[in-house]
Amino acid sequence: MMKRNWTWVVGVLSKRSPRSVDHSGASTKAERPHHPAHLLLNLILMLVVGCQNVEEEHQENTEPSNISAQVSTEPAFAEQLQAIADGNSGSIVVTRELITSQQFQQLQPFAERIEKIEIIRAELDETDFDLLATFSNLYWLRLDIPIDDTALASIANCESLRILNLPQGQFTDQPLNAISQLENLELFRFHSPNVTDAGMQEIANFPKLKYLHLLEVPITDAGLILFHDRHDLQSFYLDGSNVTDDGLRSLLKANPELHLHRDQLHLPEDPLGEDHEKTNP
């Protein structure tokens with residue numbers, strides 16, 4: 001089996017995206033993550049309190065000096081794994097170590113205990129992704145490594161996922177149909193220059209999708225039309241795309257309560273943008 005050398009450093013999130021990374025590492029002992037409902041509530045609050053507040057929080061936590069301070073207190077992978085084995089944690093958050101295939105395989109005996117995985121740098125085999133099907137309580141997954149069609153199809157077997165963040169994705173439209181079968185998925189954030197309007201048709205069919213963030217995904221206005229009837233969609237961010245102002249206006253007209261950003265900005269006529277200006281003078 002050919003091994004891929006995937007090495008990525010921590011990247012700065014979009015200033016106004018729903019942040020899904022916890023680099024706090026305040027203790028040398030890994031801690032059990034908050035209940036999923038509590039975390040999702042925090043995401044909702046970040047969206048409704050105003051874009052400026054969200055931007056400031058992102059800047060505070062993504063400046064290189066702050067990242068260095070936070071990462072320096074992060075428990076090592078072995079410590080986090082031991083905390084899970086001891087029943088004191090349900091999460092793996094690794095932002096500085098390079099995780100190998102052998103280390104990733106060490107998670108398997110504790111698959112039912114792990115609720116959250118965030119890995120920034122890794123060297124994984126394609127078969128490593130098959131393990132995710134055994135993580136029956138995993139609701140939060142962030143992988144900052146290139147994810148192709150095969151890897152995404154394997155991720156789709158993790159039926160408990162509610163938050164999926166793939167900021168270095170390279171997949172095409174093809175495996176998105178499998179992801180659409182994730183009945184609990186509420187937040188999907190991904191990068192891929194290979195997803196088209198056809199793939200947006202699959203995403204529009206995600207049954208519980210509330211938050212969608214596209215990073216350098218070259219969709220057009222045709223892809224936006226698919227979301228005109230998704231009134232349960234609360235947030236839609238596009239950082240880099242081929243949509244037009246007219247396409248965005250049409251989407252807002254069909255779904256006026258949608259929190260919509262393109263390249264970190266509201267449309268000038270977006271009433272939600274006016275609300276932010278009033279609450280953030």
Under a 3.5 Å threshold, yes or no: a donor from one side chain and an acceptor from the other, between [X] and [Y]?
X    : Y    : answer
N205 : S180 : no
N165 : R189 : yes
Q201 : D197 : no
N177 : E202 : yes
E118 : W140 : yes
T220 : N242 : no
E74  : T95  : yes
N137 : E112 : no
T172 : N194 : no

Is the count of non-hydrogen atoms from other residues, nucleotides or ligands lying under 6.0 Å from E257 atom CD greater than 12?
no
OG (S91) and CD1 (I84) are apart, to the nearest 0.5 Å, by 6.5 Å
Closest heavy-atom pair and its distance - N255, R230
ND2-O, 2.9 Å
Exercise: identify the closest heavy-atom pair between A153 and P175
N-CB, 4.2 Å
Would you mind checking if R262 and D245 are paired as a salt bridge, meaning a charged N to carboxylate O distance below 4.0 Å?
yes
Check this for me, if you would: do K208 and E186 make a salt bridge, where the nitrogen-to-carboxylate-oxygen distance has to be below 4.0 angstrom?
no
Can you check whether G169's main-chain N or O pairs, donor with acceptor, with H191's side chain at less than 3.5 Å?
yes
Between L166 and L131, is there a shared hydrophobic cluster once you connect ILVMFWY residues whose side-chain heavy atoms come closer than 4.5 Å?
yes
According to the interplanar angle, ranging from 0 to 90°, do the rings of Y237 and H261 count as parallel (below 30°), tilted (30 to 60°) or perpendicular (above 60°)?
parallel
In terms of relative ring orientation, are F190 and F171 parallel, tilted or perpendicular, with 30° and 60° separating the classes?
tilted
